[in-house]
Protein chains: 2
Amino acid sequence: MSSTSSCLVTKLSHYVSLSQADCARLATLEKAERTFDAGHEVYQGGDENKDLYVVKHGWAFSYTDLPDGRRQIVKIHHPGDIIGFPDVALKHATTTLRTVEDVCLCPFPKSSLDEILRESPKLSALLLSIALRDQVVLIDVLRAMGRMSAQERVSYMLLDLISRLRITNPGMTDTIRLPMTQSQIADYLGLTNVYISKTFIRMEEDGYIHRDQNRLQILREDAMIELTDFHDRYADMDTSWFPQD
Amino acid sequence: MSSTSSCLVTKLSHYVSLSQADCARLATLEKAERTFDAGHEVYQGGDENKDLYVVKHGWAFSYTDLPDGRRQIVKIHHPGDIIGFPDVALKHATTTLRTVEDVCLCPFPKSSLDEILRESPKLSALLLSIALRDQVVLIDVLRAMGRMSAQERVSYMLLDLISRLRITNPGMTDTIRLPMTQSQIADYLGLTNVYISKTFIRMEEDGYIHRDQNRLQILREDAMIELTDFHDRYADMDTSWFPQD
DNA sequence: ACCATGCTTCCAACTGGATTGAATTCCGCC
DNA sequence: GGCGGAATTCAATCCAGTTGGAAGCATGGT
């Protein structure tokens, strides 16, 4: 991540070559920046949502609570991600945003999208594609939650994480830093912290993974792909139908 | 549904007033039409996806299977819906489409989107908003699957269905036609047909619903909204930031 | 060095929903 | 009106994951 090219540009130009003008348009989105401590709540579900955020560094996640306290983490955000995109369709934020660790975010007003849609059909197509691709990913998560066992869900989550991280870090091997607590993982996968613990231990015994501090090594990626019928939705998008500039 | 205004136009102009030109653009999407028998498989996951479909009448659903046969229904389609939208981002269809009953669909090539993005910023914004709104809905489903009991999930599903149907049928009261089998409902909610049966019976005993043939009356909508902390994502979209024509 | 705090692991009892198979009802169709 | 296949219901049993509590481990702050 050099200082001249932002995470966002890195991520987006992975899919399609962007004109100078489009790069400039994106760069303005990352002008401002704010930092937050670990565990900080950036905004709450129900707040009026005027801003989107680009993640510069650090992990964060969006979640919703049921009135009785049950919690569902809905999306884990990494550097280069756009946070709050789905809420653009509505007047109020539907989820709460919390940082996992110390984080740097670049807020930009949702009205910036207006300009993009008016001036750059190509960037519009890319934004639309990303929104649609994220739907496919949510559908994959849904499938995992609806029909998979605990071990399958954990495997799916790890495969998904590593696929996403590989886009912005092409040098990545089989080891990821996993700064989330087991309770957070449980809230993401619809399980309990106790059972996540048990499942991790079993997977380590069975040689699927190896853990050391908060680093996690995936030892049998192929077996896990087979187990979960995993498809990488990040590597290949179809940009063939995009309007040319 | 008069012959001059399509379901799609009805649905979309619920959110924003469309110019003549935009209406015409949408109308061309519904030029062709094909009918399918109940239970027919229209396309399969993995197929190359060149077409999208607008539903003219009848219900259908999209689903994925795991290799061992477990099934997850991912989305239920009603008249006016655009089918296959998420797959636009990818080269191949990620789900299989099956009809619930006799259905009439209007196929149109995904390259039609190119024209919309180039020529109508407003329609582009609307398509983007719908994609994003659908993400929010998927997130709601995810929350239900991850953290809700069987009865809560069934309640959520019924509330979601009736909210969606009310958009195109403003005259709707508290009774809906539910042509899906209990096995299909189970595959949608991540449960089993047996437990769906039991849950329906309990909910009828407890006075939440009343069933008669395949018609279902919602007796205590408020209680069910409270139970599931339900939010209608269909009634209010934020169109304030849209580009004007 | 010490405590405070938050995370992970362990244990044992419990339960919501799964599973299986058989019985029944429903419904379209000849 | 009666037949056949699908959908639903019923009953018995089982199990993956929950619950709550307590014990171990890190980590950092003072």
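Only this structure's heavy atoms are used, side chains among them; waters, hydrogens and symmetry mates stay out. Chain A is the first sequence line, chain B the second, and so forth, proteins listed ahead of strands; every chain is numbered from 1.
There is a side-chain donor-acceptor pair under 3.5 Å between Ser62(A) and His77(A).
Heavy-atom distances to DNA chain D give each of Val194(A) and Gln213(A) a nearest nucleotide, and the one nearer the 5′ end belongs to Val194(A). Along DNA chain D, the nucleotide closest to Ser183(B) and the one closest to Gly190(A) are compared, and the more 5′ of them pairs with Ser183(B). Remark on DNA chain C: of its neighbouring residues Arg147(A) and Ile201(A), the 5'-side contact belongs to Ile201(A), judged by nearest-heavy-atom nucleotide.
Looking at the side chain of Leu191(A), the nearest of the listed nucleotides dT18(D), dT19(C), dT8(D) is dT18(D). The side chain of Ser149(A) lies closest to dG17(D), out of dA18(C), dG17(D), dT9(C). Distances from the side chain of Gln182(A) to the nucleotides dT19(C), dT9(C), dT9(D) place dT9(C) closest.
Counting any heavy atom pair closer than 4.0 Å across all strands shown, Arg211(A) reaches sugar-phosphate atoms only and no base atom. Within 4.0 Å (heavy atoms only), Gly39(A) reaches no atom of the nucleic acid at all. Residue contacts shown for Thr181(B) are limited to sugar-phosphate atoms, with no base heavy atom under 4.0 Å away.
Counting to the nearest Å, the P atom of dT19(D) and the CD1 atom of Ile196(A) are 13 Å from each other. The CG-P distance, from Asn193(A) to dT18(D), rounds to 9 Å in whole Å. Rounded to an integer number of Å, the gap from CG of Asn214(B) to P of dC26(C) is 13 Å. Look at CD on Glu101(A): it is 18 Å from P on dG6(C), rounded to the nearest Å. Tyr195(A) has its OH atom 21 Å from the C1' atom of dC7(C), to the nearest Å. Straight-line distance from the CG atom of Asp187(A) to the P atom of dT18(D): 11 Å, rounded to whole Å. Rounding to whole angstrom units, CE of residue Met148(A) and P of dA18(C) are separated by 17 Å. Put simply, CG on Asp212(B) is 11 Å from P on dC26(C), counting in whole angstrom units.
Pairing each heavy atom of Leu132(B) with each of Ala89(A), the nearest pair is CB-CB, 4.0 Å.
Counting heavy-atom neighbours within 6.0 Å of Arg211(A) CZ, excluding the residue itself, gives a total above 12.
An OP1 or OP2 oxygen of dT8(D) is reached within less than 4.0 angstrom by no side-chain nitrogen or oxygen of Ser197(B).
Listed for the Asp47(B) side chain is a donor-acceptor partner under 3.5 Å among the backbone atoms of Gln44(B).
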Please evaluate residues Asp51(A) and Tyr43(A) with respect to the criterion side-chain hydrogen bond (donor to acceptor under 3.5 Å, both in side chains), reporting the C-alpha separation (whole Å), side-chain torsions for both, the decisive distance (0.1 Å), and the verdict. CA-CA 10 Å; Asp51(A) 281 343; Tyr43(A) 62 76; over 6 Å; no
